[in-house]
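This report refers to the structure that appears directly beneath it.
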Amino acid sequence: MPGIWGRWPPLNPHKRGAAYSVEMIGRRVTFGIALFVPLFAVIGAVVMFSAEGPISLPRRLLCGAVLISTIPVGAWWLLRGRRSVRMPGWFVFYADAGVALVLVTFNDKGLALHVAVLFAVIGVYVVYFSPQSILLMHSAFVSFVVLALAVGTYLEGVHDLW
């Protein structure tokens, strides 16, 4: 079996030049997403058990449920994502909602605001692999979440207006 960037399943032998390059890039992207989604769970688990993470049992359970859900989603990308030319809308919704749910469980809202940079990673993929309507929904949702986190840090005295 070839290495992780190998040709499994085989590439379409009839494609040449640019079409071949696009197919290779698509395969690498889907493989990267398949690895990145469960990696998010590892990073989230570290925060979940830190003092800045969720401190109550309901928040830990919510955070844990989101983190566990990354396993089947990562498996979907590994097994079926290669057939997707575009990033499915359900996945963008899942990724945005998952990040937002984990961020609102944080005890330290200032850290949550900083970790909101994860939305940028999702946004890069959305820009290249989703229709404009999905990009607009992603942008509106992320703007709302970041604004809510910023207001939360202000109300808690973490940040001031000046």
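Computed over heavy atoms, backbone and side chain alike; hydrogens, waters and symmetry mates excluded. These numbers were taken from a predicted model, which means no experiment stands behind them.
- Transitive grouping of hydrophobic side chains (ILVMFWY, heavy atoms separated by less than 4.5 Å) keeps Ile68 and Met48 in distinct clusters.
- One N or O on the side chain of Lys109 and one on the backbone of Val104 form a donor-acceptor pair closer than 3.5 Å.
- In terms of hydrophobic clustering, with Ile, Leu, Val, Met, Phe, Trp and Tyr side chains grouped at heavy-atom distances under 4.5 Å, Trp90 and Ile71 are assigned to different clusters.
- In this structure, Phe141 CZ and Ile122 CD1 are separated by 9.0 Å, a value rounded to the nearest 0.5 Å.
- In the hydrophobic clustering of this structure, Val145 does not group with Leu136; members are Ile, Leu, Val, Met, Phe, Trp, Tyr whose side-chain heavy atoms approach within less than 4.5 Å, directly or through other members.
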Worked check of side-chain contact (heavy atoms from CB on, under 4.5 Å) between Val92 and Asp96: CA-CA 6 Å; Val92 176; Asp96 284 347; 3.8 Å; yes
Give the table of side-chain donor-acceptor pairs shorter than 3.5 Å for residues 57-64, with sequence neighbours excluded, one pair per line with atom names and distance.
| unit_1 | atom_1 | unit_2 | atom_2 | d |
| --- | --- | --- | --- | --- |
| Arg60 | NE | Pro54 | O | 3.2 |
| Arg60 | NH2 | Pro54 | O | 3.4 |

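- In plain terms, the two heavy atoms of Val66 and Tyr94 that are nearest each other are O-OH, 4.0 Å.
- In this structure, the separation between CD1 on Ile33 and CG on Leu78 is 11.5 Å, given to the nearest 0.5 Å.
- Rounding to the nearest 0.5 Å places CZ of Phe106 at 11.0 Å from CG of Leu113.
- When every heavy atom of Ser69 is checked against every heavy atom of Pro72, the shortest pair comes out as O-CD, 3.2 Å.
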Check against side-chain contact (heavy atoms from CB on, under 4.5 Å), Val37 and Trp76: CA-CA 10 Å; Val37 170; Trp76 183 89; over 6 Å; no
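- The distance from atom CD1 of Ile134 to atom CZ of Phe91, rounded to the nearest 0.5 Å, is 12.5 Å.
- Cluster membership check: Leu111 does not share its hydrophobic cluster with Val117, using side-chain heavy-atom separations under 4.5 Å among Ile, Leu, Val, Met, Phe, Trp and Tyr.
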Audit row: Phe40, Val73, side-chain contact (heavy atoms from CB on, under 4.5 Å) steps and yes/no: CA-CA 12 Å; Phe40 168 75; Val73 173; over 6 Å; no
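- Grouping the Ile, Leu, Val, Met, Phe, Trp and Tyr side chains by contacts below 4.5 angstrom, directly or via other members, places Phe49 apart from Val46.
- Atom OG1 of Thr153 is separated from atom CG of Leu149 by 7.5 Å, given to the nearest 0.5 angstrom.
- The distance from atom CG of Leu135 to atom CZ of Phe129, rounded to the nearest 0.5 Å, is 13.5 Å.
- Here the closest heavy-atom approach between residue Ala41 and residue Leu67 is recorded as CB-O, 3.4 Å.
- Shortest non-hydrogen contact noted between Leu101 and Thr105 is O-CG2, 3.1 Å.
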